[in-house]
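Inspection log for the structure reproduced underneath, given as structure tokens.
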Amino acid sequence: MYSSIHFQSKPRATTNASKPEVIEKLKEIVGAENVLVEPEKVEPYGADAVKEKFPPEAVVFPATTKEMSEILKLANAEIFPVTARGGGVGYTGGAVPVDGGIVIGTDRMNKIIEISADDLYVVCQPGLTTWDLQQAVEKHGLLFPPDPASYKDSFIGGNIAENAGGMRTPKYGVTKHSVLGLEVVTATGEIIRTGGKTVKNVVGFDLTGLMCGSEGLLGIITEATLKLLPMPEATATVRASFKSMELACKVLTKFTPEGLLPMAMEVIDQNCIGAIEQNFAFGLPKEAGAILIVAVDGFKDEVEKNAEMIERILEANDGFDILRSRSKEEEDKLWDVRRAISPSLMKYGTLKLNEDVVVPRSQVPELIRKIEEIGRAHNTFVANFGHAGDGNIHVNFMCDKDDSESIRRARECVKETFQLSVDLGGSISGEHGIGYVKAQYLDMAIDLPTLEVMKGIKKVFDPNGILNPGKMFV
Ligand SMILES: Cc1cc2nc3c(=O)[nH]c(=O)nc-3n(C[C@H](O)[C@H](O)[C@H](O)COP(=O)(O)OP(=O)(O)OC[C@H]3O[C@@H](n4cnc5c(N)ncnc54)[C@H](O)[C@@H]3O)c2cc1C
């Protein structure tokens, strides 16, 4: 079993994928120039944002669904592992071939096939970055809401396979809420179609929902039909400081009774604030124990009115140093603080165990309070920030990569935090998925009968277990 933390690397594995006749066949399918086998060329495809190394035996770049199908038919006949890869910026090792075999890069499948402004959908291939898709639909006055912070690097296929979230989740949901239909190649090379082009579609099982978050274990997405919305005319952001995380997080439930649905609600704790100030000196208030950033979108007048209401609610609930944006530039400035967190945190350690637990948002204050207790009990520095509006908190336990005892303590903190999140009615991952990094904890979040159903589904889609082995179920 592979587990998180860290610096694992494996020599290049040898499976049937390395057989010369298999490599030849792969070259026949996609063209020799689209198959990499040289160790130095395949190495970058053996890692993702977890930064551990499991080099594949070959990397193959198909351009069409037909080529994808032929590759999978070959893999299923010869029985070797196949791992799909998008932008390779996943946080749980999903795109990494831990058992060797081939990596299928979707980079060449990066076309937009159709944009329908009338019917509010876009059809595209999986290898498009989220950013490129958003730019393309924006030209038609349309919005594709899912916005993982990795949007400039992550691919639509990777976003769907991870069911990625982002800042705008409180109002627009996660990636699955914007997926209408998919074309998928299964492990046996069958090409299946799920859903369609309409929001309403209740014909048959919801295989589209099943594919969202399936982490490359059930099939490889070769085309996606995604839901679009009209681009809001304006956005505004309000940022406030609070004496404590508890006070900041208690405000999360105060907006809806006033009829407000903010687009984003992000929280930052005192340890993050300290790190940001040391690195960037934004001049945040010294007495700030937490920062809450709230954003709204819609028509200009409505946005202004809503932003004023938010300002008032923050003030009435112990917020201070409250700043409201009046222009795009001011808005960007307010968000700079949020963007500064990740690069700043490394001052607290050489290794960051970054988890992304989720709880019902009313439980966020309790979650944070108890995580701080866990950190203290294990003498481990912890910094919390994240998408508090949907209960998804990024918990960062800091340790020293050369000190195995500090890593052991941080691992214990991670385990206790996972259990705590489940106990509070939440789960062990809000958006980063399971991969191999969290596979050992899956049964904390999912009971045995449910796990058995999931394993049965995997068997139907992938009878020989060639798709992304070593992930999720171990
Ligand atoms: C700086 C940074 C910020 C991030 N911020 C966020 C955030 O705000 N929200 C969030 O949710 N995540 C975030 N992430 C995590 C990550 O970016 C997301 O999980 C993203 O969706 C991964 O996309 P990718 O294209 O890089 O996928 P990859 O890492 O390449 O692959 C992820 C999984 O998808 C599978 N896969 C890829 N393509 C396909 C396909 N075509 N068909 C089937 N399976 C496929 C892979 O096998 C793998 O299991 C962040 C990561 C970083 C490094």
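Side-chain atoms are counted along with the backbone in the values below, which use heavy atoms only and exclude waters and symmetry mates. Whatever order the structure lists them in is the order used to number ligands and atoms, beginning at 1. Residue numbers count from 1 along this sequence. A quick note: this is a predicted structure, and the numbers were derived from the prediction, not measured.
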**Message:** Which residue and atom name correspond to the protein heavy atom nearest atom 6 (C) of ligand 1, and how close is it?
**Reply:** Ala149 N, 3.7 Å
**Item:** Met167, portion touching ligand 1 at heavy-atom distance under 4.0 Å
**Value:** neither
**Request:** Report the part of Ile221 in contact with ligand 1, treating N, CA, C, O as backbone and CB onward as side chain, heavy atoms under 4.0 Å; options are side chain, backbone, both, neither.
**Result:** both
**Item:** Parallel, tilted or perpendicular: ring planes of Trp131 versus Tyr151, cut at 30 and 60 degrees
**Value:** perpendicular
**Prompt:** For atom 33 (C) of ligand 1, what's the nearest protein heavy atom and its distance?
**Reply:** Glu162 OE2, 3.2 Å
**Complete:** Restricting to heavy atoms, the pick from Val89, Leu217, Ile434 nearest atom 53 (C) of ligand 1 would be Val89
**Item:** Proximity to ligand 1 by part of Asn468, non-hydrogen separation under 4.0 Å
**Value:** side chain
**Request:** Using a 4.0 Å heavy-atom threshold (strictly under), name the region of Pro126 that reaches ligand 1: side chain, backbone, both or neither.
**Result:** side chain
**Asked** Identify the closest protein heavy atom to atom 27 (O) of ligand 1: which residue and atom is it, and at what distance?
**Response** Gly158 CA, 3.5 Å
**Item:** NZ/NE/NH1/NH2 to OD/OE distance under 4.0 Å, Lys333 and Asp336
**Value:** no
**Asked** Can you tell me if NZ on Lys347 sees more than 12 non-hydrogen neighbours from other groups inside 6.0 Å?
**Response** yes
**Prompt:** Side chains of Leu142 and Phe144: does their closest heavy-atom pair fall under 4.5 Å?
**Reply:** no
**Request:** Kindly confirm or rule out an N or O of Arg85 lying under 3.5 angstrom from an N or O of ligand 1.
**Result:** no
**Item:** N or O contact, Ala49 vs ligand 1, cut-off under 3.5 Å
**Value:** no
**Message:** Please determine whether a side-chain nitrogen of the Lys or Arg among Glu78 and Lys19 lies less than 4.0 Å from a carboxylate oxygen of the Asp or Glu.
**Reply:** yes
**Prompt:** Is any side-chain heavy atom of Ile191 less than 4.5 Å from a side-chain heavy atom of Lys66?
**Reply:** no
**Asked** Just checking, any donor-acceptor pair under 3.5 angstrom between side chains of Asp132 and Thr129?
**Response** yes
**Asked** Do ligand 1 and Gly94 have nitrogen or oxygen atoms that lie under 3.5 Å from each other?
**Response** yes
**Message:** Taking distance alone, with N or O pairs closer than 3.5 Å, would you say Gly165 contacts ligand 1?
**Reply:** yes
**Prompt:** Nearest protein heavy-atom contact for atom 18 (C) of ligand 1: which residue, which atom, what distance?
**Reply:** Ser150 OG, 4.2 Å
**Prompt:** What residue and heavy atom of the protein are closest to atom 49 (O) of ligand 1, and at what distance?
**Reply:** Glu215 O, 3.0 Å
**Prompt:** Which ligand 1 atoms does Ala164 reach within 4.0 Å, using its non-hydrogen atoms?
**Reply:** 11 (O), 21 (O)
**Message:** On a heavy-atom basis, I'd like to know which of Thr169, Asn159, Val174 is closest to atom 21 (O) of ligand 1.
**Reply:** Asn159
**Message:** Under 4.0 Å, counting heavy atoms only: does Gly433 come that close to any atom of ligand 1?
**Reply:** no
**Request:** Examine distances only and state if a side-chain atom of Ser154 and a backbone atom of Ser150 form a donor-acceptor pair shorter than 3.5 Å.
**Result:** yes
**Item:** Asp297/Lys171 ion pair, N-O < 4.0 Å
**Value:** yes
**Asked** Strictly by modelled atom types, are Glu114 and Tyr121 linked by a side-chain donor-acceptor pair under 3.5 Å?
**Response** yes
**Prompt:** With no hydrogens and no angle check, do the side chains of Asn159 and Thr175 hold a donor and an acceptor under 3.5 Å apart?
**Reply:** no
**Item:** Heteroatom distance test (Ser154, ligand 1): nitrogen or oxygen, under 3.5 angstrom
**Value:** no
**Prompt:** Are the charged groups of Lys73 and Glu70 less than 4.0 angstrom apart, N to O?
**Reply:** no
**Request:** Looking only at protein heavy atoms, identify the closest one to atom 36 (N) of ligand 1 and say how far it is in Å.
**Result:** Ala161 CB, 3.6 Å
**Item:** Close side-chain approach of Ile291 to Arg239, heavy-atom, < 4.5 Å
**Value:** yes
**Asked** Which of the numbered atoms in ligand 1 are below 4.0 angstrom from a heavy atom of Gly219?
**Response** 43 (C)
**Item:** Closest protein heavy atom to atom 47 (O) of ligand 1, given as residue, atom name and distance to 0.1 Å
**Value:** Ala84 O, 2.6 Å
**Asked** Quick one: do the Glu331 and Thr235 side chains pair a donor with an acceptor below 3.5 Å?
**Response** yes
**Asked** What about Gly86: any of its N or O atoms under 3.5 Å from an N or O on ligand 1?
**Response** yes
**Request:** Note the single closest protein heavy atom to atom 29 (O) of ligand 1, along with its residue, its atom name and the distance in Å.
**Result:** Gly90 N, 3.0 Å
